[in-house]
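Every chain is numbered from 1 and lettered A, B, ... according to where its sequence line falls, protein lines coming before strand lines.
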Protein chains: 2
Amino acid sequence: MNIDENIIADIRRFNRFYTNRLCVLDRHVLDTGYSLTEARVIIEIGIMGQCIANNLVDVLDIDRSYMSRIIAKLCKDGLLIKKKVTMDNRTSLISLTSKGAALYHQLNERSDEQIVRLVQGLSQKEIKEIHASMLLIQKKLDRLEKI
Amino acid sequence: MNIDENIIADIRRFNRFYTNRLCVLDRHVLDTGYSLTEARVIIEIGIMGQCIANNLVDVLDIDRSYMSRIIAKLCKDGLLIKKKVTMDNRTSLISLTSKGAALYHQLNERSDEQIVRLVQGLSQKEIKEIHASMLLIQKKLDRLEKI
DNA sequence: TTGTAATAGTTGACTATGTCCACTAAAGAG
DNA sequence: CTCTTTAGTGGACATAGTCAACTATTACAA
């Protein structure tokens, strides 16, 4: 597998470039008073609807003890509730309260806004080109995971 | 500016996807025993050749006191040397020692290897497609900065 | 069914990473 | 020569994340 050195340099340049872009896009999360990690937890629960702590640990790849503390904090803040379920007394079902759901929606809307800002000033044609490029990259690089 | 909701969702999906990829690519740095931030400092000095601490603070957007401590550590580890320069007695010229330069080259080589691994299993044609897509994204989104 | 292993979660202690502020010393500006 | 700005350092602190020990419960195999 010989790859042109210029291509490697370009990909590394792209990675540096895109890292900065992602950083800027994520910054808005901090306005909520929660960290990126806490936001990820809220969003994941929003997507899952209901889950147990261990699901979050697996999906988000966060340490169990750290997750325990994050959940405790978000519960204390009234964003989550834990419901004991008879099936397994070791666990609780976690879900968003209405306050948590509101934050979840706010995070989603803000993320959407950030994407709009990202491509602001470009024509619809250019946006479509970027879109197609992203889909291509993801398709090609994602495929490799399954092998 | 109306943007198709599906495109926004796709871009957000791509961002999540690519964040994970970047995370995996960066992980190799930790094998050196240095953090990503310390590695960024070493690489930047490698690129600049010679610089003063404040240059690094500006370019890498790292707190001055934090930078001071990072430089002190890297000096203690024999990766950097500070040379007093008569022109301005407040500052020192910082540069890599041969040991530091070796690490700099190692970091570069490993980063290149990671890119090769990233696209491993793809045909040359597919790699060229990815490359072109990245260039397009960067060109379109980079242009927006200058406005 | 009983002993053993595995799983879910919690807590304490710790490390790593990063931030804020006050300070010294030198340089630059008027 | 004063006053302001700049470069760097160090103390104290904050935030983020890790590691290991522990309890309680469940799963499983003999």
Other than A:L93, what residues sit in its cluster of Ile, Leu, Val, Met, Phe, Trp and Tyr side chains whose heavy atoms are under 4.5 Å apart, directly or through others?
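The other cluster members (ILVMFWY side chains, heavy atoms under 4.5 Å, direct or chained) are A:I52.
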With a cutoff of under 4.5 Å between side-chain heavy atoms, which Ile, Leu, Val, Met, Phe, Trp and Tyr residues group with B:V24?
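None, because no other hydrophobic side chain comes under 4.5 Å of this residue.
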Filter on salt bridge (Lys or Arg N to Asp or Glu O under 4.0 Å), then keep only pairs touching [range], sequence neighbours left out; what's left?
range: residues 30-39 of chain A; answer: A:D31-A:R110, A:E38-A:K73
range: residues 83-97 of chain B; answer: B:D88-B:R90
range: residues 47-70 of chain B; answer: none

Can you check whether A:L141's main-chain N or O pairs, donor with acceptor, with B:R21's side chain at less than 3.5 Å?
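Yes; judged by distance alone, with no hydrogens or angles, the pair exists.
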When you measure from the side chain of A:S92 to the backbone of A:I94, do you find a donor-acceptor pair of N or O atoms at a distance under 3.5 Å?
no
Go along nucleotides 23-30 of chain C 5' to 3' and tag each nucleotide: B for a protein heavy atom under 4.0 Å from its base, S when only backbone or sugar atoms are that close, - otherwise.
---BS---
Near-strand residues of residues 25-57 of chain B, defined as heavy-atom separation under 4.0 angstrom from DNA chain D:
B:I52, B:A53, B:N54
DNA chain D contacts among residues 72-82 of chain A, heavy-atom distance under 4.0 Å:
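Contacting residues: none.
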Could I get a table of every N or O pair under 3.5 Å where one atom is in the protein and the other is in nucleotides 18-22 of chain D?
{"unit_1": "D:dT18", "atom_1": "O4", "unit_2": "A:R69", "atom_2": "NH2", "d": "3.4"}
{"unit_1": "D:dC19", "atom_1": "N4", "unit_2": "A:S65", "atom_2": "OG", "d": "2.5"}

At under 4.0 Å, does any side-chain N or O of A:T91 touch on OP1 or OP2 of C:dA8?
no
Can you tell me how far [atom2] of [N] sits from [atom1] of [X], to the nearest Å?
X: B:I94; N: D:dA7; atom1: CD1; atom2: C1'; answer: 11 Å
X: A:D58; N: C:dA8; atom1: CG; atom2: C1'; answer: 11 Å
X: B:R64; N: C:dG18; atom1: CZ; atom2: P; answer: 18 Å
X: A:I70; N: D:dT15; atom1: CD1; atom2: P; answer: 14 Å

Can you check whether A:I70 reaches A:L56 side chain to side chain, under 4.5 Å on heavy atoms?
no
Within the structure provided, determine whether B:C51 and B:E44 are in side-chain contact (heavy-atom separation under 4.5 Å).
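They are not in contact (no side-chain heavy atoms under 4.5 Å apart), so the answer is no.
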A:F14 meets the ring-ring contact (aromatic ring centres under 6.0 Å, His included) criterion, sequence neighbours left out, with A:Y18, B:Y18
Before accepting this row, confirm whether a basic side-chain N of the pair A:E129/A:K125 lies closer than 4.0 Å to the acidic partner's carboxylate O.
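Looking at A:E129 and A:K125, the cut-off is met.
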Results of side chain to side chain donor-acceptor pair (under 3.5 Å) for B:R13 - residues two or more places apart only
B:D10
Tabulate below the donor-acceptor pairs under 3.5 Å that side-chain atoms of residues 99-107 of chain A make, not counting sequence neighbours, or state none.
{"unit_1": "A:K99", "atom_1": "NZ", "unit_2": "A:D77", "atom_2": "O", "d": "2.9"}
{"unit_1": "A:Y104", "atom_1": "OH", "unit_2": "A:N108", "atom_2": "ND2", "d": "3.4"}
{"unit_1": "A:H105", "atom_1": "ND1", "unit_2": "A:A101", "atom_2": "O", "d": "2.9"}

